[in-house]
There are 2 protein chains.
Amino acid sequence: MGSAGEGVDARVRMWAPACQAVALLLGPYAEVVLHDPDTDRILAIWNSMSSRGPGDPSLLGELDTLDPSARDVFGPYEKLLADGRRLSSVSAVLRDEAGKASAVLCVNLDRTPLEQAAAVLSAFGAPTVPRPEPLFEQDWSERVQHIVGAYVRECGRPVERLTRQDRLAVLADLDEAKVFAVRRATPVVAGALRVSRSTLYGLLAELRAANAKDQTS
Amino acid sequence: MGSAGEGVDARVRMWAPACQAVALLLGPYAEVVLHDPDTDRILAIWNSMSSRGPGDPSLLGELDTLDPSARDVFGPYEKLLADGRRLSSVSAVLRDEAGKASAVLCVNLDRTPLEQAAAVLSAFGAPTVPRPEPLFEQDWSERVQHIVGAYVRECGRPVERLTRQDRLAVLADLDEAKVFAVRRATPVVAGALRVSRSTLYGLLAELRAANAKDQTS
DNA sequence: TCCAATATGGACATAAAGTCCAACGCATGG
DNA sequence: CCATGCGTTGGACTTTATGTCCATATTGGA
């Protein structure tokens, strides 16, 4: 991972201080990621929350980085993690003097600690009433659409043109969100990702293999 | 406190109940102080956190106690104690019928416990350790337990003694909560309801029939 | 264009989900 | 005490959904 000595990427050199500052400011609960829009890989990452590292495939596809008229700042949008943690996520296209998109910055903030702290503080002195259970996710296929949609929005590319890596990443999100614990979810996901059932299972297997490797390392 | 009979200051007599109530409500972490604005000394103190006592000099800043048009409530301010504890502090000018400032009330709340609580809660979600998967799979089964438990508590009968109607009702709740949209949920529910798989399906069919009848009516 | 990597449809295997039924337990009333 | 009715139960069985595998088609890049 760390620079083989021959030098840190110029873009990282340029943006690292800003990224690091943000990462420091937001404590251990914000993940700051610099993506390379060309190679679709992570350039650098601070406070990684998802065990990703530099060189790993980005969660970004090719953003619409060529059109200078396109928006450069996205979000904040909400991401839902499996364990219920809610992330606020923003991203920005970083351009060089020539206006070329040289990097994409993403900041993912885990709102949970704040929400918990707020809950504690607001509950102070008040009789703690048993909170009425929130109902089960009413429409889980909506969640699928949401996760896929978020990704697509993030990389600015329609579902049909997602790369293999893209789909793998989305799949990781979906798996993380325990979507596959729901009955009949597989065909829906396959449909949402515009792949066949076979391919879906193939990607899923690949994902599991990768996770297993992560475990052992 | 020790009240030598007639020796208690009239102002203390008047305000003590309120002060004591506040002191009690806010537990051991709030200090309530009654100051004498004339002598600039402490009249009375509850839950003293700084080993001050009645008669000790007040450490009040210059509150404008003479101008009746001035604000009478101040704060909350942050105060820093010698040992590093941070206090949230409010004060109020207490006036008699004539409008003369007869006392100054201060409440100092030690924020440390709350901050610690927040830290504890934050720390829970913080170590992004690979969560033992079976734990999370249990998430929805916990919900089953919760729904069943709620019903049992409501009707005061243990699960074993539920009537058919009871189970039907619980089942309706569970179905409402979309529990059966989860893979492998059926055996868990059957277990939670202490019935066999067969019975479970029987009840479920009955439920569906009832619902269908509702629709048509 | 050709090659290599992927995607795909469908056959197949396995595992859940759901149905059905004969036997059983257990109250109630004769 | 037995007969009867009602609900439960285990297990056989059917139907769907899941997951694997592979030969073939497709696609993107040198």
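Any value given below was found using the heavy atoms of this structure, including those in side chains, with hydrogens, waters and symmetry copies removed. Within every chain, numbering begins at 1; the chains are lettered A, B, ... in the order of the sequence lines, protein sequences first and strands thereafter.
- Counting atom types as modelled, T186(B) pairs no side-chain N or O with a base atom of dG18(C) as donor and acceptor under 3.5 Å.
- Proximity of F180(B) to L204(B): side-chain heavy atoms (C-beta onward) are separated by under 4.5 Å at one or more points.
- Between the CG atom of L204(B) and the C1' atom of dT9(D) there is a distance of 17 Å, given to the nearest Å.
- Atom CG of L207(A) and atom P of dG19(D) are 13 Å apart (whole Å).
- For Y201(A) and dT20(D), the OH to C1' distance is 10 Å, given to the nearest whole Å.
- With hydrogens and angles ignored, no donor-acceptor pair closer than 3.5 Å exists between the side chain of R197(A) and the base of dG9(C).
- In this structure, R194(A) places its CZ atom 20 Å from P of dT26(D), rounding to the nearest Å.
- Rounded to whole angstrom, the span from the CG atom of L193(B) across to the P atom of dT9(D) amounts to 10 Å.
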Would you list the protein and nucleotides 28-30 of chain D atom pairs, both N or O, that sit under 3.5 Å from each other?
none

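- In this structure, CG on L203(B) lies 11.5 Å from CG on L174(B), to the nearest 0.5 angstrom.
- Nearest heavy-atom pair across L105(A) and C19(A) is CD1-SG, 3.7 Å.
- Annotation for R167(B) and E160(B): closest pair NH2-O, 3.6 Å, computed over non-hydrogen atoms.
- Closest approach of A181(B) and V182(A) over heavy atoms only: O-CG1, 3.4 Å.
- Contact annotation: the side chain of N47(A) never approaches that of V32(A) to less than 4.5 Å [non-hydrogen atoms, C-beta and beyond].
- Inter-residue side-chain proximity for L171(B) and V189(B) is flagged as met; some heavy-atom pair is nearer than 4.5 Å.
- Atom CZ in R183(A) sits about 8 Å away from atom P in dA17(D), given to the nearest Å.
- Between R184(A) and S196(A), the residue anchored closer to the 5' end of DNA chain C is S196(A), taking for each the nucleotide with the nearest heavy atom.
- Proximity of S198(A) to the phosphate of dT8(C): no side-chain N or O atom is located under 4.0 Å from OP1 or OP2.
- Not a single donor-acceptor contact under 3.5 angstrom links the side-chain atoms of T199(B) to the base of dG7(D).
- Partners of R11(A) under the salt bridge (Lys or Arg N to Asp or Glu O under 4.0 Å) rule, at least two apart in sequence or in another chain, are D9(A), D36(A).
- Within residues 161-170 of chain B, no residue approaches DNA chain C, by heavy-atom distance under 4.0 Å.
- Residues A103(A) and L43(A) share a closest heavy-atom pair of CB-CD1, 4.4 Å.
- The CZ-P distance, from R208(A) to dT18(D), rounds to 13 Å in whole Å.
- Between the CD atom of E206(A) and the P atom of dT6(C) there is a distance of 7 Å, given to the nearest Å.
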